[in-house]
Amino acid sequence: MLALIDGNNFYVSCERIFRPDLRGLPVVVLSNNDGCAIARSDEAKALGIKMGAPWFKIQDLQEEAGLVALSANFELYGDISDRMMSLAAGLGHRQEIYSIDESFVDVTGIPGDLVERSRKIRARILQWTGIPSCIGMGPTKTLAKLANAIAKSAERKPGSYPAHHGQICHLGVQSPQELEDLLQATEVGEVWGVGRKIGAQLREGGIHTALDLQRMDPAAAKSGWSVVLEKTVRELNGVPCIAFDEAPRDKQQIASTRSFGHAVTELRDLEEAITEFVCRAAEKLRRQNSQAGQVLVFIRTSPFRKEAQYSKSAVFPLQAPSNDSSSLTEAALAVLHVIYKRGFKYAKAGVMLMDLQPLSRHQFTLDLEPDEPINNPNRIRLMHALDNVNGRYGRGTLNLASAGTAGEHRLWQMKQQRKTPGYTTRWEGLAEVR
DNA sequence: TCTGGGGTCCTAGGACCC
DNA sequence: TCTGGGGTCCTAGGACCC
């Protein structure tokens, strides 16, 4: 039996911990660059604000409805997430942290009333971190996710489900008839793994509810769509097909990409941005003790603007895998010089490190170059020092020269005009009590 | 004026091999 | 008239997730 614990409107709830004045108000958290809404309070949802709604299209609601918008403060959310996760882990014996606000917990064999136990954990999370959450339980991940969705709807949308499923919903203890009713009351698009496209195709084929999907022939799901949907069908029937992953696995690719605060036309500006992106990505790469075999760089104009469009990416296969910021930057800038075209207004760029492999693996080349910087102990120490300094004194304290200096005005720097302090992660962000 | 970022997995099709 | 069979590996693109 698996439980899925998930924070309600997580980013908004994090902000409300230190801004109790925001409770009861419509609040949204905006994506990087203050671009669009990526988290909404219940009150904001009630105003009809959709997930991903562009800020400039909803900002009138500030005046009209008292909407409050905040810039994303991921440092804060990450820290609150850690606290919530460690409390959620107490529900069972194994935990898989699935995203910043969700974790699966294996509650198989836990004695006693799981619903009661869940209520206690939920109450503890609320009291100790201030984050309201919902818990769903079922014999597979897909059913636990579904239970969680039911728990949320039963609380937020009265009448959608029987009220006693609010906050905690345990599908494992329902009678077959009750289970059928719950699945019948759930739209097929709510099912984990069914997105916009497949949802529309299913509805076209007469499959409208989770119950319809559960009763679908798995072979038909596979031949008509893919093995992914087949697994979903089986999971809805209580057959586990998606593994429980306790230990976070090494990433297979690491990306750093940004939309710019202002359109950028000059190569020099793009060089700065790309350098910074490589350094961010390389830092993550070193943190998981990996090295990259390939570097991808892309630049593109804004598809939303009516002007000349250009979008291009290219890959640089490294002669030997590396996690050295300057080697990777050198490769990335070489790619940039190839794909850059003058005369376009660039809106976004990014770097992806690919073909990742553990540091322990070393591929020897036939034509060893004598001045190969790879594995040079001094370079390794340098990267180590770089990470330590930036870890201690904050990101960007030490940078490669081609990243430019923060003092200069950087057109490409993203906009964040509504950011709350690092309440729990920075001394200067500590709240004062008077 | 203003539309996010970071991932995973699967599939189809091409290149290539014997 | 009639033009094999079986396999692997890689990549690009699509779909999904939060």
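So that the names make sense, note that chain A is the first sequence line, chain B the second, and so on, each numbered from 1.
Sorted by residue number, the list of members of residues 81-92 of chain A with any non-hydrogen atom under 4.0 Å from DNA chain C is empty. Proximity of residues 195-227 of chain A to DNA chain C (heavy atom under 4.0 angstrom from any strand atom) is restricted to A:Gly195, A:Arg196, A:Lys197, A:Ile198.
Scored by the side chain to side chain contact (heavy atoms under 4.5 Å, CB included) test, A:Arg342 finds A:Glu266, A:Tyr340 as partners (sequence neighbours excluded).
With salt bridges taken as basic N to acidic carboxylate O contacts below 4.0 Å, none links A:Lys141 and A:Glu102.
Counting only heavy atoms from C-beta outward, the side chains of A:Lys152 and A:Asp6 approach each other to under 4.5 Å. At least one side-chain heavy atom of A:Trp225 sits under 4.5 Å from a side-chain heavy atom of A:Leu202.
Take the nearest nucleotide of DNA chain B for A:Met414 and for A:Asp250: the residue whose nucleotide is more 5' is A:Met414. When each of A:Lys231 and A:Phe56 is assigned the nucleotide of DNA chain B bearing its nearest heavy atom, the one mapping closer to the 5' terminus is A:Phe56.
Counting any heavy atom pair closer than 4.0 Å across all strands shown, A:Ser256 reaches sugar-phosphate atoms only and no base atom. Nucleic acid contact for A:Ile254: sugar-phosphate only, since backbone atoms but no base atoms lie under 4.0 Å from a heavy atom of the residue.
Close approach of DNA chain C to chain A, defined as any atom under 4.0 Å from a non-hydrogen atom of the protein, starts and stops at C:dA15 to C:dC18.
As rounded to the nearest Å, C:dC17 and B:dG4 have C1' atoms that lie 15 Å from one another.
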Pairing of DNA chain C as dot-bracket, 5' to 3': ( ) intra-strand, [ ] crossing, | other strand, . unpaired, with Watson-Crick or G-U pairs under 3.5 Å? ....||||||||||||||
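Counting only residues at least two apart or on different chains, no salt bridge (Lys or Arg N to Asp or Glu O under 4.0 Å) pair has a member in residues 53-65 of chain A.
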